[in-house]
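Numbers here simply count residues along the sequence, with the first being 1. For the numbers below, each heavy atom of this structure counts, side chains included, while hydrogens, waters and symmetry mates do not. Atoms within a ligand are numbered from 1 in the order they appear, just like the ligands themselves.
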Amino acid sequence: MEYTVMLPAAGSGKRMGAGFNKLFLEIGETPILIHTLRVFDSDPDCAGILLAVKPEERGQIQDMLGQFGITKVKALVDGGEERQHSVASCIEAHEGAGVVLVHDAARPFIRRDVIRKLVDMASAKGAAIAGVKAKDTMKMARNGVVEKTVNREALYIIQTPQAFRYEVLHEATKKAEEDGFLGTDESMLVERLGHPVHIVESTYDNVKMTTQEDLVFGEVLLKRKQEEDLDDADRTRL
Ligand code: CTP
Ligand code: MG
C-alpha cells in the first residue's frame, strides 16, 4: 500500500559531538542521511519523500541527492527549532491524503517489513507506531533511589517510523500548535486527541544514531545488511 514519508533531518547532532549535523557522518563511506533515504527511495510502495533540512544545509543536501541518485524527494522544506516544528513543515508541504510516515533521518536500519505493517495498520486504524519490548528490568527512581519496579510486560521502547492517516496527523499537529504543546514524538500529539495509537512490533536494530558508540554498532549492522542483500540476490538467481 502506497505511503508518503516525512524525514526530519534538520537537527544539529549535539550528542554525537561531531561539530556538525550527524547525518553527514558516514557509515561504510556513505552518509547516514543517504542510507535512510535509500530505504524509501528503493521501496516501490513509497510515493514520495518530504525532507526537512536546515536552511544553511539545503545546498549541500541538494548536491548529495544528485550525487547519490535519490529521486523520490518531492520537497526540501525548512526545518524548525524543535523536531516537531520540522515535522510540521513537512505536513504543510504534503498535498493529498493517504497514509504518511514520520521517520527520523537518523535511523538508517529500518526494515521494509516493519514499514509495511505500519502502513497497513495506520490505514486500518488511523495511527501506528514502531516499538520493541523492554528487555531489561525497569525501575522508577527519584534522586537515584528506587521507588518501584515497573511491570516490564507493559512497557515498550518506542521508535520511528510512526504512521498515520494524514488527516489524523494534521489534526493532531494543528491542535498541538494551538495549545503550545511540544511532544517528543508524533504519537504524543495524537494521543492528546484521544485517538488510539497501535504499536507494531519492530526490531532492536532500528537504532537511532545518537552518540559515538551507535556508529560502531552501525558499521556492524551495515555489514550484516549487505550480507543479507547478497543472500537475497543469490536466492533470486536460483
Ligand atoms: N531533527 C529535526 N529538527 C530539529 C531537531 C531534530 O529535523 N529541530 C531531526 C534530526 O535531524 C534527526 C531526528 O530529528 O533526524 C531525530 O532527532 P535527534 O536524534 O535528537 O537528532 P539531533 O536533534 O540532530 O541530535 P541531538 O538531539 O543530539 O542534538
Ligand atoms: Mg534532538
> Do the charged groups of K117 and D120 touch, with an N to O distance under 4.0 Å?
Replying inline: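 No.
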>> I'd like to know if D205 and K225 make a salt bridge, using a cut-off of under 4.0 Å between side-chain N and carboxylate O.
In response: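 Salt bridge: no.
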Test your reading of the structure: does [X] have an N or O sitting under 3.5 Å from an N or O of ligand 1?
| X | value |
| --- | --- |
| A10 | yes |
| G13 | yes |
| K14 | yes |

Heavy-atom contacts with [X] under 4.0 Å: which atoms of ligand 1 show up? List them by number with element.
| X | answer |
| --- | --- |
| E81 | 8 (N) |
| K208 | 18 (P), 19 (O), 20 (O) |
| A106 | 15 (O) |

In the protein, what heavy atom is nearest to [atom], and what distance, to one decimal place, separates them?
| atom | answer |
| --- | --- |
| atom 13 (C) of ligand 1 | D104 OD1, 3.6 Å |
| atom 18 (P) of ligand 1 | K22 NZ, 3.5 Å |
| atom 23 (O) of ligand 1 | G11 CA, 4.0 Å |
| atom 3 (N) of ligand 1 | S86 OG, 2.7 Å |
| atom 15 (O) of ligand 1 | P8 O, 2.9 Å |

> Do K72 and F40 come close enough that some side-chain heavy atom pair is under 4.5 Å?
Replying inline: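 Heavy-atom side-chain distance check fails, nothing below 4.5 Å.
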> Considering only heavy atoms from C-beta outward, does the side chain of V114 approach that of N206 to under 4.5 Å?
Replying inline: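 Heavy-atom side-chain distance check fails, nothing below 4.5 Å.
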> Among D41, L101, L65, which one satisfies side chain to side chain contact (heavy atoms under 4.5 Å, CB included) with I49?
Replying inline: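 Of D41, L101, L65, side chain to side chain contact (heavy atoms under 4.5 Å, CB included) with I49 is met by D41 alone.
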> Which bit of A52 gets closer than 4.0 Å to ligand 1, counting heavy atoms only: side chain, backbone, both or neither?
Replying inline: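 No part of A52 comes within reach of ligand 1.
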> ligand 1 versus L23, non-hydrogen atoms closer than 4.0 Å: side chain, backbone, both, neither?
Replying inline: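 The part of L23 near ligand 1 is the side chain, not the backbone.
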> If you group Ile, Leu, Val, Met, Phe, Trp and Tyr whenever their side-chain heavy atoms sit less than 4.5 Å apart, what else falls in with I157?
Replying inline: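 Direct or chained contacts put I157 with V132, Y204.
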> Does G79 come within less than 4.0 angstrom of ligand 1, counting non-hydrogen atoms of the residue?
Replying inline: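 False for this residue.
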> Would one find more than 12 heavy atoms of other residues, nucleotides or ligands at under 6.0 Å from atom CD of E56?
Replying inline: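 Above 12, so yes.
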>> Surrounding NZ of K208 (heavy atoms of other residues, nucleotides or ligands, distance under 6.0 Å), is the total greater than 12?
In response: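 Counting other residues, nucleotides and ligands, NZ of K208 exceeds 12 neighbours.
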>> Please check this pair: side chain of N151 against backbone of E153, looking for a donor-acceptor N/O pair closer than 3.5 Å.
In response: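 Side chain of N151 to backbone of E153: a pair is present.
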> Heavy atoms only: which of R83, H85, R15 is nearest to atom 20 (O) of ligand 1?
Replying inline: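 That would be R15.
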> From I91 CD1 over to E171 CD, what is the distance, rounded to the nearest 0.5 angstrom?
Replying inline: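 Result: 12.0 Å between the selected atoms.
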